[in-house]
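Reckoned from all heavy atoms, side chains included, excluding hydrogens, waters and symmetry mates.
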Amino acid sequence: MPSNTENVKLGVCTALFDSADLGYTKGGVEVEVQTNTHEVTVDQMGETPIDEIITGRTVQVTVPMAETTLENLARVMPGSTLVSDGVKAQGTVTFATAAPVNADKITIDGIDFTFKTTPSGSRDMAIPASITAAAAALAAAVNNASIGITATAVAGVVTLKANSTGVSGNVTVAKTAATPANVTTTNLTGGLDATKAKVVVETGTNISLIKLAKKLVLRPKGALDARDDFTIFKAMTSGAIQFAYQTDQERIFNVVFKGYADASGKLFAVGDESASA
């Protein structure tokens with residue numbers, strides 16, 4: 001492949017934890033991958049290694065969060081509870097009588113999720129065999145897109161819920177379908193801004209971080225798709241945060257996320273996670 005200046009990239013990224021945007025950062029997000037090895041030696045070769053075996057690999061991401069909101073604090077502090085009178089908006093997509101066909105589309109807050117015979121984009125979905133499969137595919141696509149909305153599928157119904165409380169979560173959900181009766185949608189509504197809120201933090205004793213771990217995605221700012229994503233499949237922070245109240249500096253939550261292997265042994269991915277052979 002010939003050299004291409006477009007392959008030389010720089011710039012900041014957006015950090016998405018469990019599909020929620022952690023907001024502005026200050027000082028740059030840093031990724032560190034370490035690989036531990038054991039050098040194999042035998043007496044006859046002295047100290048010269050005859051092989052080297054990988055014994056493990058670790059990954060961690062440091063995110064200096066400049067948006068020190070209560071919602072962000074609750075997201076990165078194990079053993080914390082956000083108490084608020086705010087309400088999260090909620091809506092639905094229902095696949096009623098038949099599975100989608102090619103070019104059927106669901107649009108959430110202006111973002112298209114399209115069923116295609118040959119999927120090509122990160123928000124494209126293969127034609128499913130049933131309405132249950134259609135709901136599962138849409139929920140997975142929405143969650144992978146990290147648009148501030150969490151989707152859950154039960155049978156043929158996808159429930160969409162804003163990740164944060166507030167009226168900003170009240171967004172439209174529309175459909176473009178060859179057979180309109182096959183799909184019904186309801187907008188995300190009911191979101192209310194909080195008038196009072198607090199985060200209550202427990203000691204955290206005996207909390208299992210792997211049980212709280214969620215997907216962490218680093219996406220270059222301005223990226224139109226997921227081709228340059230850095231994804232940790234299971235990431236969590238211990239909640240160690242240090243900040244200062246100073247007149248000439250921003251208050252920063254400097255949060256370190258550690259990656260854990262999932263059940264199949266996968267640790268992280270670089271590029272579009274939805275890519276397949």
| Any chance the side chains of Ser164 and Arg75 put a donor and an acceptor closer than 3.5 Å? | yes

| query | By the rule that ILVMFWY residues connect when side-chain heavy atoms come within less than 4.5 angstrom, directly or transitively, which residues belong alongside Leu192? | reply | Val87

| query | Which residue pairs pass the side-chain hydrogen bond (donor to acceptor under 3.5 Å, both in side chains) test when at least one of the two sits in residues 208-217, sequence neighbours left out? | reply | Lys215-Glu273

| said: Which residues pass the side-chain contact (heavy atoms from CB on, under 4.5 Å) test with Thr203, not counting sequence neighbours? | reply: Thr205

| query | Can you pull the side-chain hydrogen bond (donor to acceptor under 3.5 Å, both in side chains) pairs that have at least one residue in residues 18-30, sequence neighbours excluded? | reply | none

| field | ring-ring contact (aromatic ring centres under 6.0 Å, His included) partners of Phe233, counting only residues at least two apart | value | none

| Taking only residues two or more places apart in sequence or in another chain, which ones pass side-chain contact (heavy atoms from CB on, under 4.5 Å) with Ser120? | Lys116, Asp124

| Does a donor on one side chain sit under 3.5 Å from an acceptor on the other, for Asn187 and Thr172? | no

| task | Would you mind listing the cluster partners of Ile50? Hydrophobic ones only (ILVMFWY), side-chain contacts under 4.5 Å, chaining allowed. | result | Val40, Val42, Met45, Ile53

| said: For Thr97 and Asn182, which I'm curious about, is there any donor-acceptor pair between the side chains at under 3.5 Å? | reply: yes

| Quick one: side-chain contact (heavy atoms from CB on, under 4.5 Å) partners of Thr150, sequence neighbours excluded? | Asn143, Asn163

| task | With sequence neighbours excluded, give me every side-chain hydrogen bond (donor to acceptor under 3.5 Å, both in side chains) pair touching residues 85-95. | result | Asp85-Thr195, Thr92-Thr186

| note | Contacts satisfying ring pair (Phe, Tyr, Trp, His ring centres under 6.0 Å) that involve residues 238-257 (not counting sequence neighbours) are Phe17-Phe257, Phe243-Tyr245, Phe243-Phe253

| message | Just to verify, what does Phe113 make a ring-ring contact (aromatic ring centres under 6.0 Å, His included) with, not counting sequence neighbours? | response | none

| query | Quick one: hydrophobic cluster around Leu16, which other residues, with the 4.5 Å side-chain cut-off, linked directly or via members? | reply | Val217

